[in-house]
Amino acid sequence: MNQSNEHPHCILALDLGTTTGWALRAPDGLITSGTASFRPGRYDGGGMRYLRFANWLTEIDRLSGPIATIWFEEVRRHAGTDAAHVYGGLMATLTAWAELRGVPYEGVPVGTIKRHATGKGNAPKQAMIAAACARGFSPADDNEADAIAILLWAIETNGGLA
């Protein structure tokens, strides 16, 4: 599914969290994906995870970009307070990074992504992994599977406009 003629730009999809899932469609149409850990080190200050995340975004942009659009999973409720704080910090870092560079970004509701990938808006993690595998990907975990699902949703629905 090479759509490089239609969309010759780089799209980044993110499932934000301590283990952030990512999927990227390069300008040539090639899709790559993976996970990146932003777990703080033993001696890190509170802001180091966000600094590392911003540096990681800059590297992706430099090596695979320039990034034209960023889509991320928009989470409205979290299992715990810590997860909510981490998500908020990563989202603030992402949006500030994108604003500085003039890169458009948008959140996609969890249910929208799950429904597009599996047909069910409340699909469990395993179903999201299975849906990514059925499309020819081999995600390491649900974070990567979610990022792949966000990217495919963005491509296939033209960001929800199709």
Side-chain angles (χ1 to χ4, degrees), residues 3-4 7-114 116-117 125 128-129 132 137-155 157-161:
Q3 297 183 351
S4 59
H7 302 284
H9 57 270
C10 181
I11 301 174
L12 179 62
L14 299 170
D15 177 32
L16 299 171
T18 297
T19 299
T20 290
W22 62 270
L24 181 126
R25 190 194 60 199
D28 66 2
L30 182 70
I31 294 176
T32 53
S33 63
T35 59
S37 175
F38 298 105
R39 188 169 305 286
R42 187 170 174 188
Y43 303 107
D44 283 350
M48 283 306 292
R49 127 177 26 228
Y50 308 110
L51 202 53
R52 279 205 310 276
F53 178 56
N55 289 338
W56 177 81
L57 287 169
T58 301
E59 274 299 281
I60 292 272
D61 188 55
R62 187 176 70 78
L63 296 172
S64 304
I67 296 169
T69 323
I70 300 171
W71 297 92
F72 62 93
E73 187 176 64
E74 188 175 47
V75 181
R76 292 285 183 197
R77 37 183 350 147
H78 287 87
T81 307
D82 288 348
H85 289 180
V86 169
Y87 176 85
L90 290 170
M91 193 168 94
T93 304
L94 170 66
T95 55
W97 184 93
E99 290 286 352
L100 272 170
R101 289 157 182 82
V103 176
Y105 56 89
E106 194 165 330
V108 188
V110 175
T112 300
I113 298 159
K114 289 178 182 271
H116 184 263
K125 294 179 189 314
M128 293 299 288
I129 293 169
F137 296 92
S138 47
D141 62 16
D142 60 288
N143 303 302
E144 185 176 351
D146 286 356
I148 292 165
I150 296 163
L151 182 65
L152 294 176
W153 173 87
I155 293 168
T157 70
N158 193 20
L161 300 176

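Going from atom OG of S138 over to atom CD1 of I148 covers 7.5 Å, rounded to the nearest 0.5 Å. The structure places CD1 of I70 at 9.0 Å from CZ of R101, a figure rounded to the nearest 0.5 Å. Here the straight-line distance linking atom CE of M48 with atom CZ of F38 works out to 12.0 Å at 0.5 Å rounding. Summarising the geometry, atom CG belonging to N158 is positioned 9.0 Å from atom CH2 belonging to W153; distances are rounded to the nearest 0.5 Å. For the atom pair CD1 (I60) and CH2 (W22), the distance works out to 5.0 Å, reported to the nearest 0.5 Å.
Proximity of L14 to W71: side-chain heavy atoms (C-beta onward) are nowhere separated by under 4.5 Å. The shortest side-chain heavy-atom distance between E73 and L16 does not fall under the 4.5 Å cut-off.
Between I150 and A13, the closest heavy-atom pair is CG2-CB, 3.7 Å. Nearest heavy atoms, P27 versus S64: CD-O, 3.7 Å. Of all non-hydrogen atoms in R25 and H9, the two that sit nearest each other are NH2-O, 3.6 Å. Closest heavy-atom contact between A149 and A117: CB-CB, 4.0 Å. Between I67 and D61, the shortest heavy-atom contact is N-OD1, 2.7 Å. Considering every non-hydrogen atom in both L94 and L57, the closest pair reads CD1-CD1, 3.9 Å.
Residues passing the side-chain hydrogen bond (donor to acceptor under 3.5 Å, both in side chains) test with Y105 are E99, sequence neighbours excluded. When the side-chain hydrogen bond (donor to acceptor under 3.5 Å, both in side chains) test is applied to D44, the partners found at least two apart in sequence or on another chain are R52.
D141 places a side-chain N or O within 3.5 Å of a backbone atom of E144 that can act as its donor or acceptor partner.
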